[in-house]
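Scroll down for the structure; my scribbles are underneath it.
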Amino acid sequence: MSGILTGQEMTDQGNNNQNISQNPFAALFSSLADAKQFASGQKQCPVDSGESQSESDNSVSDSIDDNDDSVAEISRSFRSRQELCEQLNVNHMIQRIFLITLDNSDPSLRGSNGIPPRCVYLEEVAADLDGQDWLNMDTIEQALFSRLLLQEPGNHLIYMTSCSVVNLSADRDAGEKRAIPYLYACYCRAKEEITKVPEKLLSYAVHCKNFTVSNARTVLLTPEIYISQNVYEQLLDLLLEAVRGAQFEEVVEFLDEVIASLLADQEVRTFGEVMVPVFDIFQGRVKDLDLCQLLLYSYLEILLYFSRQKDISKVLMEHIQPKDPNSGIQYQKTLLGAILNISCLLKTPGVVENHGFFLNPSRSSPQEMKVQESNIHQFMGQFHDKLYQILKNLLQQSSETRHLLLSWLGGCLQANMGRAKIWANQMPEIFFQMFASDAFFLNLGAALLKLCQPFSRPYSPKLLTFNPTYCLLKELSEEEQRNRNVHARGLDKETCLIPVPPQQTVEFAQSYSLLTENLILTQLTLYLGFHRLHDQMVKMNQSLHRLQGTWRDTQLSGGAAAAELREQFERLMTIYLSTKAATTQLAMLQNCLNLQASCATLLVQLSLGNQGSEHIPLIFPLPALENSLLCFVPEFFAENIGDFFIFLRRFADEVLESSAESLEHVLTFITVFMGNVDRMKNPHLRAKLAEVLEAVMPHMETLSPGAVQPIMFQRQRVFSTYRHAPQLAEALITVFVDIEFTGDPHQFEQKFNYRRPMYAILKYMWGEESYRESIKRLADYASENLEAMNPPLFLRFLNLLMNDAIFLLDEAIQYLSKIKILQLERDRGEWDSLAPDARREKESSLQMFGQLGRFHNIMSNETIGTLAFLTSGKRRERNQIPLTMDQIRPNEELRQQIMKWLADHKQSNQQMGPSG
């Protein structure tokens with residue numbers, strides 16, 4: 001860009017006398033004659049060409065007339081010429097950096113080297129300076145300020161050289177009317193000049209760079225001066241263009257200098273007051289973006305920069321604190337909350353219009369839906385990575401930002417605890433006005449899961465640093481929260497795995513580790529978010545099956561009813577597929593699997609009384625509990641473990657098969673807690689572990705023709721080689737007996753649902769020798785202790801099986817009778833005369849009785865089948881239990897009832913028919 005400006009370039013040799021008077025630099029001489037004399041004697045004048053200092057000095061020395069007689073005159077001539085050349089070079093450099101000029105003379109009179117092709121002519125500044133047509137360090141500040149105030153600088157562009165070729169790039173650069181991008185471009189040009197100019201001009205180039213920074217500070221502090229400009233929007237756009245281009249590091253360097261300048265002068269506006277409008281604009285733009293929009297990820301890069309920059313990150317954390325910290329939905333309305341709310345889930349629950357995913361699913365092939373789901377998962381992976389990096393940066397940036405972020409998370413979870421309440425799911429209108437969305441919690445959970453991965457390994461020594469006494473701390477002051485690293489609130493109200501013994505004292509830590517806080521915040525987030533989505537998917541799945549059946553029935557008659565059912569099915573299928581895509585992203589599931597398997601191991605270690613730094617082996621019988629930390633562990637830890645593995649069984653079965661090592665740790669957790677009331681008091685939670693066991697065990701279901709049988713090799717291997725098989729079988733039978741009396745008002749109805757998965761597990765165990773032998777040992781013990789005051793476990797188990805079989809068959813037959821009565825009324829036409837409401841009530845009753853009858857009939861089948869394979873055959877026959885039904889000692893009436901129901905069982909099944 002720079003070059004050598006010679007006398008021939010300044011004036012044409014043939015027209016020297018007539019043009020010298022028009023030369024703008026003639027004003028530097030005392031008279032026109034002096035100017036002509038200097039021009040005639042000048043051979044060469046150095047400019048900022050990037051040449052070495054010695055070359056520049058030689059060029060000046062060569063310009064001195066060798067025949068001068070006076071040394072003093074030579075010296076004066078040298079100095080005046082050198083100063084003039086320096087002024088010319090400074091003027092040209094300012095023009096190149098800021099693309100402004102005070103010289104509007106004929107371009108043909110100027111040299112082309114070292115001059116930009118286009119500049120903005122500052123007419124008013126030139127007039128204020130009494131016609132001065134060059135720029136220097138004394139005038140640049142006024143000139144730059146005037147340039148920034150021009151509303152249409154493009155209207156003041158002039159040609160700087162005689163070249164008339166159209167140069168759109170030069171016009172665009174010189175005519176840039178946005179203050180912040182213009183100053184950034186000037187900053188870049190100044191940096192380039194610094195690398196090129198000789199040393200004597202270096203200080204001028206540095207001053208020019210500093211001018212760009214100081215003026216950027218002025219623009220941001222006093223934006224009202226710059227009419228029709230939103231400088232905060234310009235700052236965000238500058239970052240956005242940098243992220244999408246290749247100059248992000250240069251922009252960051254510029255902004256770092258501007259930020260330092262802003263922090264040094266906060267009298268007009270604080271740094272926070274400068275950044276808040278930028279954050280507001282950012283949030284307004286991001287909140288309506290979709291998960292699969294590339295623009296979203298450019299904005300996330302900007303947010304990543306905010307989280308890395310120490311001064312911005314602190315202002316950001318202060319900015320996202322909600323207006324009402326007790327309102328759950330207020331956290332979603334913050335900048336971070338707006339980001340977390342982005343998902344493939346419906347933005348407005350129940351409204352599928354304008355939803356960007358899985359529209360008209362019945363018209364799409366399975367392959368098309370699979371491709372769409374894969375695309376969503378790919379974007380979710382990127383999205384969760386960015387969220388994780390943002391949270392990690394904020395946690396690591398400083399103790400202040402970490403405290404503010406953890407306070408935000410703790411307050412958010414406490415304000416949204418109502419999400420887990422039963423009433424919240426029954427009142428969706430109120431729910432969505434009070435609490436943050438499912439998408440918010442799903443994304444927050446995914447990011448926190450990634451933060452937990454460093455210690456999410458079952459035998460990680462870090463796990464043992466977890467201190468659950470954290471959960472019993474009540475409300476602390478902000479200073480105590482900061483000093484003790486306790487930010488989750490309200491956990492002291494949560495039910496723990498076992499009650500605190502009266503004699504046990506609680507020893508609270510002076511300060512808790514980040515691992516403890518991370519683990520608790522993550523598990524609580526999953527409990528409030530993932531748990532609810534899982535429940536929704538189960539209900540939607542059931543509704544889809546009902547709708548599908550009803551739709552097929554009405555298709556035969558056609559009409560408006562069939563079309564309406566089709567539309568309902570389509571809408572619900574869109575919601576279901578979107579929810580399934582959001583919850584089955586593979587990396588998120590793998591991270592959750594790692595964490596839950598590790599937590600299962602952690603709880604086992606706590607149940608063994610391990611408070612050391614090394615894992616200890618599990619040995620049965622278990623030691624007695626003394627000062628156990630289990631009384632400080634909230635039940636939602638175990639709830640989450642169970643809920644997640646049941647979810648995998650239902651919606652992501654392939655993940656279980658690829659996680660053999662994790663399954664072994666889950667089996668150990670179930671073995672220790674399922675049958676042990678001393679380590680898990682809640683009978684409902686222990687019964688749920690039976691459902692978890694059914695989820696992780698191999699299952700060979702009857703599939704429709706052409707369906708592919710899922711691979712079960714790894715699960716079969718883990719289950720068959722499990723070293724604590726005898727204890728697992730005993731734990732299963734123990735919980736089967738324990739749930740007979742749970743203390744719940746609905747315990748009688750509940751027990752059948754709890755026992756349903758146990759039948760399948762018992763059947764599988766009976767086919768595996770190690771489990772079968774352990775069950776036979778229990779039966780042997782029962783047969784040897786029939787007269788004991790406390791009936792043996794297995795004897796009580798068989799008695800309960802018989803009682804259940806009798807009750808279930810009796811109920812099934814009663815429902816069958818009710819179904820027959822309603823069917824006869826319908827077939828005789830008695831329903832035709834009924835009012836529409838009464839007819840619908842009859843139809844609903846028939847459907848309900850059919851479902852209840854089917855349930856009781858299936859459960860009676862399972863119960864009697866289990867009773868049959870456990871007690872049939874000759875006594876002491878190989879592979880059979882050495883305890884027959886005669887030894888169970890039911891009274892004679894009970895024995896006769898059982899025989900009668902067994903005889904009627906087949907007939908009952910046949911009579912149930914399709915209605916059952």
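For this chain, numbers begin at 1 and follow the sequence in order.
For the pair R532 and D643, the salt-bridge criterion is not met [side-chain N within less than 4.0 Å of a carboxylate O]. A salt bridge does not link R649 with E654: every distance from a Lys NZ or Arg NE/NH1/NH2 to an Asp or Glu carboxylate oxygen is 4.0 Å or more. One finds a salt bridge joining K688 and E639 here, because a Lys/Arg side-chain nitrogen approaches an Asp/Glu carboxylate oxygen to under 4.0 Å. A salt bridge links D653 with R715: at least one charged nitrogen is closer than 4.0 Å to a carboxylate oxygen. A salt bridge links K370 and E373; the closest N-O separation between the charged side-chain nitrogens and carboxylate oxygens is under 4.0 Å. A salt bridge links K450 and D385; the closest N-O separation between the charged side-chain nitrogens and carboxylate oxygens is under 4.0 Å. With salt bridges taken as basic N to acidic carboxylate O contacts below 4.0 Å, none links K310 and D256. Of the charged side-chain nitrogens involved, none lies within less than 4.0 Å of a carboxylate oxygen, so that R244 and E301 do not count as a salt-bridged pair. Salt bridge R402/E400: absent, no basic N to carboxylate O contact under 4.0 Å.
The shortest distance between side-chain heavy atoms of E657 and F713 falls below 4.5 Å. L449 places none of its side-chain heavy atoms less than 4.5 Å from the side chain of T525. Side-chain contact between H531 and L526 is absent, with no heavy atoms from C-beta onward closer than 4.5 Å. Taking 4.5 Å as the limit, some side-chain heavy atom of F279 sits within range of a side-chain heavy atom of I312. The closest side-chain heavy-atom distance from F645 to L593 is below 4.5 Å. Considering only heavy atoms from C-beta on, S437 stays 4.5 Å or farther from F432 through its side chain. Residues M417 and E494 have side chains in contact (heavy-atom distance under 4.5 Å, counting atoms from C-beta outward). Two residues are said to be in side-chain contact when any heavy atoms from C-beta on lie closer than 4.5 Å; L524 and P634 fail this criterion.
Between R419 and L528, the shortest heavy-atom contact is NE-O, 2.8 Å.
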Practice item. Go through the steps for E368 and R363 under the test salt bridge (charged side-chain N to carboxylate O under 4.0 Å, His left out), then give the verdict. Key: CA-CA 10 Å; E368 288 173 330; R363 300 184 182 91; over 6 Å; no
Review point. Can you list the steps and then say if I575 with V352 is a side chain to side chain contact (heavy atoms under 4.5 Å, CB included)?
Key: CA-CA 7 Å; I575 300 171; V352 300; 3.9 Å; yes
Practice item. Check the pair M573, Q568 against side chain to side chain contact (heavy atoms under 4.5 Å, CB included), reporting the backbone distance first and the verdict last. Key: CA-CA 8 Å; M573 181 60 79; Q568 288 180 26; over 6 Å; no
**Study point:** I329 and M434: CA distance, side-chain angles, deciding distance, side chain to side chain contact (heavy atoms under 4.5 Å, CB included) verdict
**Key:** CA-CA 6 Å; I329 198 164; M434 293 180 63; over 6 Å; no
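In this model, a donor atom of one side chain and an acceptor atom of the other lie less than 3.5 Å apart for N594 and Q453. A side-chain donor from one of Y187 and E257 sits under 3.5 Å from a side-chain acceptor of the other. N640 and Q523 share a side-chain donor-acceptor pair at under 3.5 Å. Under the 3.5 Å distance criterion, with hydrogens and angles disregarded, no donor-acceptor pair is assigned to the side chains of S598 and T601.
Note that CG of L602 is 11.5 Å distant from CD of Q596, once rounded to the nearest 0.5 Å. Distance check: C344 SG to F383 CZ gives 11.0 Å after rounding to the nearest 0.5 Å.
When each of D438, L444, N443 is paired with F440, the side-chain contact (heavy atoms from CB on, under 4.5 Å) condition holds for L444 and for no other.
Classified by interplanar angle (parallel below 30°, tilted 30° to 60°, perpendicular above 60°), the ring pair F379/Y297 is tilted. Ring geometry, F647 versus H534: the interplanar angle exceeds 60°, so the pair is classed perpendicular (tilted spans 30 to 60°). Y527 and F636 have parallel rings, their planes meeting at less than 30° on a 0 to 90° scale where 60° marks the start of perpendicular. Between F306 and F282, the two ring planes are tilted [angle within 30° to 60°].
Counting only distance, with no hydrogens or angles, the side chain of Y232 and the backbone of D280 share no donor-acceptor pair below 3.5 Å. Side-chain atoms of S307 come within 3.5 Å of backbone atoms of L304 as a donor-acceptor pair (strictly under, hydrogens ignored). The main-chain N or O of G337 is never found under 3.5 Å from a side-chain atom of N341 such that the two would form a donor-acceptor pair. With hydrogens and angles ignored, the 3.5 Å screen pairs a side-chain donor or acceptor of Q234 with a backbone N or O of I180. A donor-acceptor pair is defined here as one N or O able to donate and one able to accept, closer than 3.5 Å; such a pair exists between the side chain of Y331 and the backbone of P325.
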